[in-house]
Novice: 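Below is one structure. I have some questions about it.
We count residues from 1, following the sequence as given.
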Amino acid sequence: MILNVRNRNIRVHKANNQISYNSDYIAEFSFDDEWGGKVKTARFIQNGEYFDVVLVNDRCEIPPLKSGFVRVGVFTDSMTSTYADVYYKTSIKDGTGSPAEPPEDVYAQLTA
């Protein structure tokens, strides 16, 4: 995911194929001069919860998120940006329900 921050407004430049519950995504940010030399933190908001991740070289790992819209923004100790919405596609882990009970013969094998 690539995000541009200009005049404290954030825009998604590229967010391809974001799929829920994956933990190997990287967010790359591009900032105007106003943000230079500051410690920046990305905030990911979903369903009323947020995750803060400090940027290193204007990049960070994106925490595993559920399907649906995620708000992404950045802040420092004295500045904040707007947010951008990024859509996460549904993965197999978004399903509901309980795992099926194993057949008796499998259960017996596992306990034996």
Side-chain angles (χ1 to χ4, degrees):
M1 176 185 324
I2 300 174
L3 302 118
N4 296 321
V5 183
R6 302 289 181 268
N7 298 316
R8 302 184 189 191
N9 291 294
I10 191 168
R11 299 284 180 261
V12 178
H13 175 69
K14 183 178 179 183
N16 292 5
N17 204 30
Q18 304 296 123
I19 301 171
S20 66
Y21 293 99
N22 284 286
S23 61
D24 60 343
Y25 292 135
I26 301 292
E28 296 182 33
F29 295 83
S30 170
F31 294 93
D32 58 18
D33 292 339
E34 180 180 28
W35 295 80
K38 298 183 186 305
V39 175
K40 298 173 278 284
T41 302
R43 177 167 284 180
F44 301 88
I45 302 172
Q46 188 178 53
N47 300 327
E49 296 181 338
Y50 66 87
F51 306 91
D52 289 343
V53 184
V54 175
L55 302 186
V56 176
N57 296 323
D58 294 340
R59 299 170 50 124
C60 71
E61 291 183 8
I62 301 172
L65 299 164
K66 299 174 185 173
S67 62
F69 281 98
V70 175
R71 290 183 171 171
V72 182
V74 290
F75 62 92
T76 70
D77 60 345
S78 62
M79 298 168 36
T80 67
S81 74
T82 58
Y83 65 84
D85 283 327
V86 177
Y87 183 74
Y88 271 66
K89 294 180 184 178
T90 302
S91 76
I92 193 64
K93 286 190 170 183
D94 284 301
T96 59
S98 301
E101 290 290 325
E104 185 62 34
D105 58 336
V106 173
Y107 181 76
Q109 291 175 22
L110 291 172
T111 57

Novice: Is the shortest heavy-atom distance from the side chain of M1 to the side chain of I26 under 4.5 Å?
Specialist: no
Novice: How long is the gap from OG1 on T41 to CG on D52, to the nearest 0.5 Å?
Specialist: 6.5 Å
Novice: Using the rule that two of Ile, Leu, Val, Met, Phe, Trp, Tyr join whenever any of their side-chain heavy atoms come within less than 4.5 Å, decide whether V53 and Y25 are in one cluster.
Specialist: yes
Novice: Does the structure place the NZ or CZ of K40 under 6.0 Å from the centre of the six-membered ring of F29, at an angle of no more than 45° from the ring's axis?
Specialist: no
Novice: Do I62 and Q18 have side-chain heavy atoms sitting under 4.5 Å apart?
Specialist: yes
Novice: Could you pull out the closest heavy-atom pair between V12 and V86, with the gap in Å?
Specialist: CG2-CG2, 3.8 Å
Novice: Applying side-chain contact (heavy atoms from CB on, under 4.5 Å), can you list everything that pairs with S91, at least two apart in sequence or on another chain?
Specialist: I19, S20, Y21, K93, D94
Novice: Is it the case that over 12 heavy atoms from other parts of the model lie below 6.0 angstrom from the CZ atom of F51?
Specialist: yes
Novice: Which heavy atom of N4 sits nearest to which heavy atom of S30, and what is that distance?
Specialist: OD1-CB, 3.3 Å
Novice: Pairs in or reaching into residues 9-19: which pass salt bridge (charged side-chain N to carboxylate O under 4.0 Å, His left out), with residues at least two apart or in two chains?
Specialist: none
Novice: Could you tell me the separation between the CD atom of E49 and the CG atom of L65, rounded to the nearest 0.5 Å?
Specialist: 10.0 Å
Novice: Give a yes or no on whether I92 atom CD1 has more than 12 heavy-atom contacts from other residues, nucleotides or ligands under 6.0 Å away.
Specialist: no
Novice: Using every non-hydrogen atom in the two residues, find where W35 and S81 come nearest and quote the distance to one decimal.
Specialist: CH2-N, 4.1 Å
Novice: Which atom names give the shortest non-hydrogen contact between N7 and D32, and what distance separates them?
Specialist: N-OD2, 2.7 Å
Novice: State the OG1-CZ distance between T82 and R71, to the nearest 0.5 angstrom.
Specialist: 11.0 Å
Novice: Compare every heavy atom of I45 with every heavy atom of R43, then report the nearest pair and how far apart it is.
Specialist: CG-CG1, 3.7 Å
Novice: Work out which heavy atom in E34 is nearest to a heavy atom in M79; give both atom names and the distance.
Specialist: CG-CE, 3.7 Å
Novice: With side chains defined as the heavy atoms from C-beta onward, is the minimum distance between N22 and Y88 less than 4.5 Å?
Specialist: no
